[in-house]
Amino acid sequence: MTDAVVADWINETVIAEALLDAEREDPARVRAILDKARELQGLDLHDVATLSAVTAPDLLAEVFEAARFVKDEIYGQRIVFFAPLYFSNICQNECTYCAFRKSNRDLQRRILTLEEVARETEALVDQGHKRLLLIAGEAFPDKGFTYLLDAIATIYAVKRDKGEIRRINVNVAPLSVEEFRELKQTNIGTYQLFQESYHRRTYAQVHVGGRKADFDWRATAIDRAMEAGIDDVGIGPLYGLYDWRFETLAMMQHIAHLEQRFGVGCHTISVPRIEPAMGSDMSEHPPHAVSDADFKKLVAILRLAVPYTGIIMSTRETPEMRRETLSVGVSQISGGSRTDPGGYTRAAAEDASQFTRGDHRSLDQVVQDIAEIGYVPSFCTACYRMGRTGKDFMDMAKPGLIREMCGPNALSTFVEYLEDYASPATAEAGERAIGEELDRMAPKIRRYADTMIRKVREGKRDVFR
Ligand code: SAM
Ligand code: SF4
């Protein structure tokens, strides 16, 4: 396989034509697309363009209704939890929207020692987390890339009396194929990288220095990760830099390219919107700020377009927006997050943070909130540990794996959380949500779930199938 060096799969003309073609709102065409989406086969770029142009309130209500249907069919009430661990805020790049950019002299720079990485991990495990997203700026001064590998090994080595981190996802700057191979050896879950903008001109305007200024090096990074054997990958634009419809269609082209080249698209999509970041004027006034209404619409469209791909919502968003988007598509959320390195073991330092968070609640509060509205928080990490990744995951997901496997796994890991970490109010809300979920299950799946829950209540931990 030859290395992809140019992202020639982004076709701005095709996107422009599709958006133009979609301008004339045609209810019959929209309804035909929604019918197709309900069959869980996904949508193409033109379908996505058509849905993104819908503005009539009644038609929009139908889009949300279809998204709720798809979300419920595939994911049920399950919501996967994770926490970001910021490892370093030192960076050689100049992204005009980010507080970590090199020229921001007011930021308190920190790269955690391995000892500090272990302490942060302990703090997260003691909250009840099992899944981390390791994040860093681009540069490991005096240490180099292998320091990242050491950090991953350090996190996996942390064992507390009640638990440990069982899956580490990674969001770091693009690597070479050889480095990605080494990263894979450390047993990571997903490699995640946001293209920020798929629009070349916009990309050049906001990435004004450092290696990240090279659009193609970034846009072909997921190819390199997959060439290196990392088959669970996460992508996403940074919404607010350019027109959200263009970015979403270009992301569809990215997914189509991966499917064509590797037989599988991405495992997750993230939907970050630009939040105010220290010392960044543009982050206070993003050039193409996405309104709350459009944001909810784009999440729903993604759910319809790539039904088996997880959609991740971070604490950039407010509790209200997180609640609203859960029903129309989001399947993974973070809770109790800090965006400054060392933030879990010392007082929050806004002068070292990447951006302002919209949700400041603790993990326990977020879990209680979503359990009260009937969701089942999941701390499951089974799939990648069982080798269900990439194409294997998608092949099994389609005939209903997510319900059969993830349903019981979500319940056993949620019971584990409730027994070991929850406050009394969260435990009460959680037990109610579990009872309701068991009642909804088909008899065979319920039998698995009952057996697994019994084992956890008897004291066994890390029960999964
Ligand atoms: N430095 C690496 C990179 O840029 O790919 C990885 C980590 S970076 C800290 C993670 C992501 O944070 C970026 O890809 C960007 O999308 C997002 N980000 C940066 N500034 C942001 C802001 N002001 N608001 C919201 N998200 C932001
Ligand atoms: Fe550095 Fe990433 Fe922030 Fe850009 S987005 S300045 S690469 S940390």
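Counting convention: from 1, in listed order, for ligands and their atoms alike. Nothing here was measured: the structure is a model prediction, and the numbers come from that model. Only heavy atoms go into these numbers, but all of them, side chains included; no hydrogens, no water, no symmetry mates.
Between Val328 and Arg303, every side-chain heavy-atom pair lies at or beyond the 4.5 Å cut-off.
Using bins of under 30°, 30° to 60° and over 60° for the plane-to-plane angle, the ring pair His199/Tyr242 lands in the parallel bin.
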The test is side-chain contact (heavy atoms from CB on, under 4.5 Å); show your working for Val376 and Phe414 and say whether it passes.
CA-CA 7 Å; Val376 176; Phe414 187 31; 4.1 Å; yes
Distance dump, ligand 1 polar atoms to protein, N/O, under 3.5 Å:
from     : atom 1 : to     : atom 2 : distance (Å)
ligand 1 : 1 (N)  : Ala136 : O      : 3.1
ligand 1 : 4 (O)  : Lys212 : NZ     : 2.9
ligand 1 : 5 (O)  : Arg218 : NH1    : 3.3
ligand 1 : 5 (O)  : Arg218 : NH2    : 2.6
ligand 1 : 12 (O) : Arg316 : NH2    : 3.4
ligand 1 : 12 (O) : Gln354 : NE2    : 3.1
ligand 1 : 14 (O) : Glu196 : OE1    : 3.4
ligand 1 : 14 (O) : Glu196 : OE2    : 2.6
ligand 1 : 16 (O) : Glu196 : OE1    : 2.5
ligand 1 : 16 (O) : Glu196 : OE2    : 3.4
ligand 1 : 18 (N) : Gln354 : NE2    : 3.4
ligand 1 : 23 (N) : Tyr97  : O      : 2.9
ligand 1 : 23 (N) : Glu275 : O      : 2.9
ligand 1 : 24 (N) : Glu275 : N      : 2.9
ligand 1 : 26 (N) : Arg316 : NE     : 2.9
ligand 1 : 26 (N) : Arg316 : NH2    : 3.3

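Thr315 and Arg322 form no side-chain donor-acceptor contact under 3.5 Å, judged by distance and modelled atom types alone. Residues His129 and Tyr417 bring no donor and acceptor atom of their side chains to less than 3.5 Å of each other.
Arg200 approaches Glu12 most closely through the heavy-atom pair N-OE2, 3.5 Å. Between Pro84 and Tyr344 the shortest heavy-atom distance is O-OH, 2.6 Å.
Judged purely by atom type and a 3.5 angstrom limit, Asn409 uses its side chain to pair as donor or acceptor with the backbone of Met405. The backbone N or O of Ile90 lies less than 3.5 Å from a partner atom in the side chain of Ser88, making a donor-acceptor pair.
Inspection of the environment of atom 4 (Fe) of ligand 2 yields the following protein N, O or S atoms under 2.8 Å: Cys95 SG.
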